[in-house]
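Every heavy atom of this structure was used, including side-chain atoms; hydrogens, water molecules and symmetry mates were not. Order of listing sets the numbers, starting from 1, for every ligand and every atom in it.
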Amino acid sequence: MGNVYVFDHPLIQHKLTHIRDKRTGTKEFRELVEEVAALMAYEITRDMPLREVTVETPVAPARCKVLAGKKLGLVPILRAGLGMVDGILRLIPAAKVGHIGLYRDPETLEPVKYYAKMPSDIEERDLIVIDPMLATGGSAAAAIQMIKEMGGRSIKLMCLIAAPEGIRRVHGEHDDVDIYAAAVDEGLNEKSYIVPGLGDAGDRLFGTR
Ligand code: PRP
Ligand code: URA
């Protein structure tokens with residue numbers, strides 16, 4: 001069974017509070033989502049393998065460590081996942097980016113697929129699927145299924161806020177996927193919005209409401 005990791009770092013929690021606040025406008029919301037995504041990526045990549053190299057400092061040779069070159073892929077779920085990409089790329093500029101286009105049908109709440117494009121060497125990459133909201137889990141579970149069908153093997157899911165229902169659904173369908181979140185909230189309301197959540201992540205990021 002996959003694990004759930006909740007990041008309790010004070011900076012992540014502080015920024016998440018401002019992200020949740022309904023008074024936070026689009027510009028600040030977008031900046032904060034990028035910052036939290038970068039901080040979460042910093043935590044997620046803690047176990048990246050290193051190798052030793054020697055560099056010449058102005059004083060003497062130094063045995064140092066660099067990343068061992070494990071390939072990473074980010075896969076934002078459109079639209080709202082896009083808001084997290086740039087923050088992570090600032091830390092890990094060599095990561096490749098795939099895209100999964102899904103939206104949640106407002107009536108059925110089931111994910112509707114409209115786009116998929118992955119890096120050509122997807123099988124060799126450690127993939128991080130990113131989406132700010134894990135609500136019913138329908139979108140994330142469908143995205144992970146699409147990625148697996150396109151050859152993805154090593155997959156993690158990173159979201160800002162997860163509902164217990166979404167965690168259960170993703171792990172019910174994909175027990176090999178670890179979930180990383182900044183918070184696990186109480187649950188879902190009658191429209192399957194996360195409570196207390198942050199509202200509609202895509203609309204708040206892109207100012208569409
Ligand atoms: C939101 C969010 C997730 C999905 C979560 O996207 O970004 O992708 O809902 O809900 P679920 O866990 O119940 O599937 P939305 O469908 O609103 O599309 P958007 O990002 O284009 O706004
Ligand atoms: N999608 C969102 O953007 N917010 C929620 O609370 C649930 C799904």
Expected rows: ligand 2 N/O, protein N/O, dist below 3.5 Å:
from: ligand 2; atom 1: 3 (O); to: A201; atom 2: N; distance (Å): 2.8
from: ligand 2; atom 1: 4 (N); to: G199; atom 2: O; distance (Å): 2.8
from: ligand 2; atom 1: 6 (O); to: I194; atom 2: N; distance (Å): 2.8

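With respect to D185 and R20, a salt bridge is recorded, a charged nitrogen being found less than 4.0 Å from a carboxylate O. With respect to K148 and D176, a salt bridge is recorded, a charged nitrogen being found less than 4.0 Å from a carboxylate O. Ion pairing of R90 with D86 is absent here, as no side-chain N (NZ or NE/NH1/NH2) approaches a carboxylate O to less than 4.0 Å. Between R169 and E110, at least one side-chain nitrogen of the basic residue sits less than 4.0 Å from a carboxylate oxygen of the acidic one, meeting the salt-bridge criterion.
In terms of modelled atom types and a separation under 3.5 Å, the side chain of D203 and the main chain of G207 share no donor-acceptor contact.
Between Y114 and Y103, the ring planes lie tilted relative to each other; the angle falls in the 30° to 60° range.
Protein neighbours of ligand 1 below 4.0 Å, counting non-hydrogen atoms: L78, R79, A80, Y103, R104, D131, M133, L134, A135, T136, G137, G138, S139, G202.
Within a 6.0 Å radius of OH in Y42, no more than 12 heavy atoms belonging to other residues, nucleotides or ligands are found.
Under the 3.5 Å distance criterion, with hydrogens and angles disregarded, a donor-acceptor pair is assigned to the side chains of R63 and T54.
With a 6.0 Å cutoff to the six-membered ring centre and a 45° limit on the axis angle, R79 does not count as a cation-pi contact of Y115.
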